[in-house]
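Here is the structure we will look at, set down as structure tokens.
The figures here come from the full heavy-atom set of this structure, side chains too, leaving out hydrogens, waters and symmetry mates.
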Amino acid sequence: MPTVDDVLEQVGEFGWYQKRVFLTLCFTSAALAPIYLGIVFLGFSPPHHCRSPGVSELSQRCGWSPAEELNYTVPGLGAADEAFLRQCMQYEVDWNQSTLGCVDPLASLAVNRSHLPLVPCQHGWVYDTPGSSIVTEFDLVCADAWKVDLFQSCVNLGFFLGSLGVGYIADRFGRKLCLLATSLVMALSGVLTAVSPDYTSTLLFRLLQGTVSKGTWMSGYTLITECVGSGYRMTVAILYQVAFTVGLLGLSWLAYAIPHWRWLQLAVSLPTFFFLLYYWCVPESPRWLLSQKRNTQAIKIMSHIARKNGKSPPADLQMLSVEEDDTDKQSPSIIDLFRTPNLRKHTCILMYIWFSCAVVYQGLIMHMGATSKNIYLDFFFSALVELPAAFIILVTIDRAGRIYPLALSSLVAGAACLVMLFISQDQHWLNIAVACLGRMGVTIVLQMICLVNMELYPTFVRNLGVMLCSALCDVGGIFTPFMVFRLMEIWQALPLVLFGVLGLSAGGMTLLLPETKGVALPETIQDAENLQRKAKAKENTIYLQVQASGLKGT
């Protein structure tokens, strides 16, 4: 009896119909970009200082320019290491007293301003920006600056919670229904975030959006990879992630055109309502239908694919069936991932790689956003380097294998972060260029690690292994905002030290994994345990072949 892959070989593994569905589903991948990294623009923190009604009145009476007002009334100006003073403290002075003059008014109170008492801002802040963000609207600065970190952490917490439940929904009720349901909730929660009246409600709606948005992305990913033949599955999976990069590029220009966070949030949320049209243009996965014994519907969809691709349905299509897999009868357990020495080692290494690449990827972007001179251009150019990352993977993965490119990319990302420590802030474009190199390296890691993760586990625990290890990516994302912004308060470059150590250590640990290029997927725990031996045997074979060739040459 033919399987789905057998039929696709005859009617088109990646024909016109699958290409149309692929391009349609790419919008779901692009839509994740403003949710995952929108904090760079939604949580942008512009230069600010304490608001003082008395200062405003004095400035108006004396006719000060904005620069003069700052120079006369704000502490810590001109000192790079006194940002906290000028942003979060104000002089404890009654600006309405008549003894204050218009030229250096504080001179009459103290010879040296540093002797004047300081107090935290009493009447809010003045922000030097033409637009708005959650920071400027809810005053998330100084003592409340950690609330910006929490805002982004809630998105990653939502990703983590969603990955636990959305997989079950997709397996139980179908990929298409899961895609439609999560898309609807994602669109609604995005709009509610834009119109929420206070920080707490904004945080809750953002958490809800994070919980379902990754489910939308995963449903689209699963649908398209299950609708194409095995020969195109890896290419389609990588290109689907490229659509996410296109979403990042579009986000930078959209944020430039719409500098107000509520309108920007609406602009990226309202179009996602169009995903509900997928009910009519995207088919259910025929593989899932067969697994649910709904053979008639699966046959109907395969016939439709054949006709749209200009092919005749195979004569034996009515006998279409799912491949029987005896390993599905085994009950997978997390304990199985740590049962044997090599599996235990692989699981620990993979969890660390997932965690480290999430921290480095998000951390580099957040650090760039916090130190950027032109946030829109810098974000655009750093996102642009993700496109060649996908090309590098497609070119090298079947030639150089998985492990060496993966390790090299992680080492490049870590080294780039450490190199940035020695580049002056005045050399802005050199800093951006090195950061882009690091981002390209960690992007390759993120796109390759899922494939390596899958190839190292036996069939009956493969999904569980990928789910457990990739969950560390979301865990890393939960802590990253606090790592970046709180460490920057100590030393602006301190997060780069952390990223460098994580990248270099992850690259070194990657070399401890076995090469899986050209090796059949392990079916049993024993197969997975023997992967290391197969890799060594393969290296010995190559070494012997080279020696033999050398002897013939002499």
Applying side-chain contact (heavy atoms from CB on, under 4.5 Å) to Ile353 and Leu513, what does each step give before you reach the verdict? CA-CA 11 Å; Ile353 295 173; Leu513 296 174; 4.2 Å; yes
Evaluate Thr235 against Leu239 for side-chain contact (heavy atoms from CB on, under 4.5 Å), listing each step before the verdict. CA-CA 6 Å; Thr235 302; Leu239 292 179; 3.9 Å; yes
Ring centroid separation Tyr352 to Phe355 under 6.0 Å: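 Between Phe355 and Tyr352, which both carry aromatic rings, the centre distance is not below 6.0 Å.
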Pair Phe159 + Tyr36: ring centers closer than 6.0 Å: yes
Would you call [X] and [Y] a side-chain contact if the rule is heavy atoms closer than 4.5 Å?
X: Leu42; Y: Arg206; answer: yes
X: Trp261; Y: Phe44; answer: no
X: Val385; Y: Thr443; answer: no
X: Tyr404; Y: Leu511; answer: yes
X: Phe391; Y: Ile238; answer: no
X: Ser356; Y: Met509; answer: no
X: Met483; Y: Met366; answer: no
X: His346; Y: Leu512; answer: no

Can you name the ring pair (Phe, Tyr, Trp, His ring centres under 6.0 Å) partners of Trp217, sequence neighbours left out?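 Listed in chain order: Tyr221, Tyr240.
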Under the side chain to side chain donor-acceptor pair (under 3.5 Å) rule, what do His49 and Asp128 come out as? Steps first, then yes or no, please. CA-CA 9 Å; His49 62 274; Asp128 183 17; over 6 Å; no
Distance in Å, [X] [atom1] paired with [Y] [atom2], rounded so as to fall on 0.5 Å steps:
X: Gln362; Y: Asn156; atom1: CD; atom2: CG; value: 4.5 Å
X: Met420; Y: Met368; atom1: CE; atom2: CE; value: 10.0 Å
X: Ile432; Y: Lys373; atom1: CD1; atom2: NZ; value: 10.0 Å
X: Leu251; Y: Thr245; atom1: CG; atom2: OG1; value: 12.0 Å
X: Leu411; Y: Leu504; atom1: CG; atom2: CG; value: 6.0 Å
X: Thr216; Y: Leu184; atom1: OG1; atom2: CG; value: 9.5 Å

Nearest non-hydrogen partners of [X] and [Y], listed with the distance:
X: Val360; Y: Gly503; result: CG2-N, 4.4 Å
X: Gln241; Y: Leu446; result: OE1-O, 4.4 Å
X: Leu456; Y: Leu343; result: O-CD2, 4.1 Å
X: Leu364; Y: Gly438; result: CD1-C, 3.9 Å
X: Asp144; Y: Asp139; result: CB-O, 3.9 Å
X: Val141; Y: Ser45; result: CG1-OG, 4.2 Å

With a sphere of 6.0 Å drawn around [atom1] of [X], does it hold more than 12 non-hydrogen atoms of other residues, nucleotides or ligands?
X: Phe338; atom1: CZ; value: yes
X: Phe273; atom1: CZ; value: yes
X: Phe27; atom1: CZ; value: no
X: Gln425; atom1: CD; value: no
X: Phe482; atom1: CZ; value: yes

We want to know whether [X] and [Y] form a side-chain donor-acceptor pair, criterion being a heavy-atom distance below 3.5 angstrom.
X: Trp354; Y: Asn453; value: yes
X: Ser189; Y: Gln209; value: no
X: Gln265; Y: Ser269; value: yes

Is the backbone N or O of [Y] less than 3.5 Å from a side-chain atom of [X], with the two atoms forming a donor-acceptor pair by type?
X: Trp491; Y: Met488; value: no
X: Ser505; Y: Leu502; value: yes
X: His48; Y: Pro46; value: yes
X: Ser29; Y: Cys26; value: no
X: Ser133; Y: Gly43; value: no
X: Ser219; Y: Gly215; value: yes
X: Arg402; Y: Val452; value: no

Over 60° means perpendicular and under 30° means parallel, so tell me whether Phe381 and Trp429 are parallel, tilted or perpendicular.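 Perpendicular: the ring planes of Phe381 and Trp429 meet at over 60°.
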Aromatic plane relationship, Tyr232 with Phe14 - under 30° parallel, 30 to 60° tilted, over 60° perpendicular: tilted
Regarding Cys88 and Cys142, I want to know if their SG-SG distance comes in below 2.5 Å, which is how I'm defining a disulfide. yes
Show, in sequence, the C-alpha distance, side-chain angles and deciding distance for Phe379 and Ile365, and conclude whether the side-chain contact (heavy atoms from CB on, under 4.5 Å) test is met. CA-CA 8 Å; Phe379 188 90; Ile365 295 172; 3.9 Å; yes
Could you walk me through whether Ile349 and Thr510 satisfy the side-chain contact (heavy atoms from CB on, under 4.5 Å) test, starting with their C-alpha distance in whole Å, then the side-chain angles of each, then the deciding distance to 0.1 Å, before giving a yes or no? CA-CA 7 Å; Ile349 292 174; Thr510 301; 5.5 Å; no
Salt-bridge criterion met for [X] and [Y] (N-O under 4.0 Å):
X: Arg486; Y: Asp149; answer: yes
X: Arg262; Y: Glu137; answer: yes
X: Glu284; Y: Arg175; answer: no

Name the one of Phe380, Trp263, Tyr376, Trp253 that satisfies ring-ring contact (aromatic ring centres under 6.0 Å, His included) with Phe41?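 Single ring-ring contact (aromatic ring centres under 6.0 Å, His included) partner of Phe41 among Phe380, Trp263, Tyr376, Trp253: Tyr376.
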Is the NZ or CZ atom of Lys176 both under 6.0 Å from the centre of the six-membered ring of Tyr278 and within 45° of that ring's axis? no
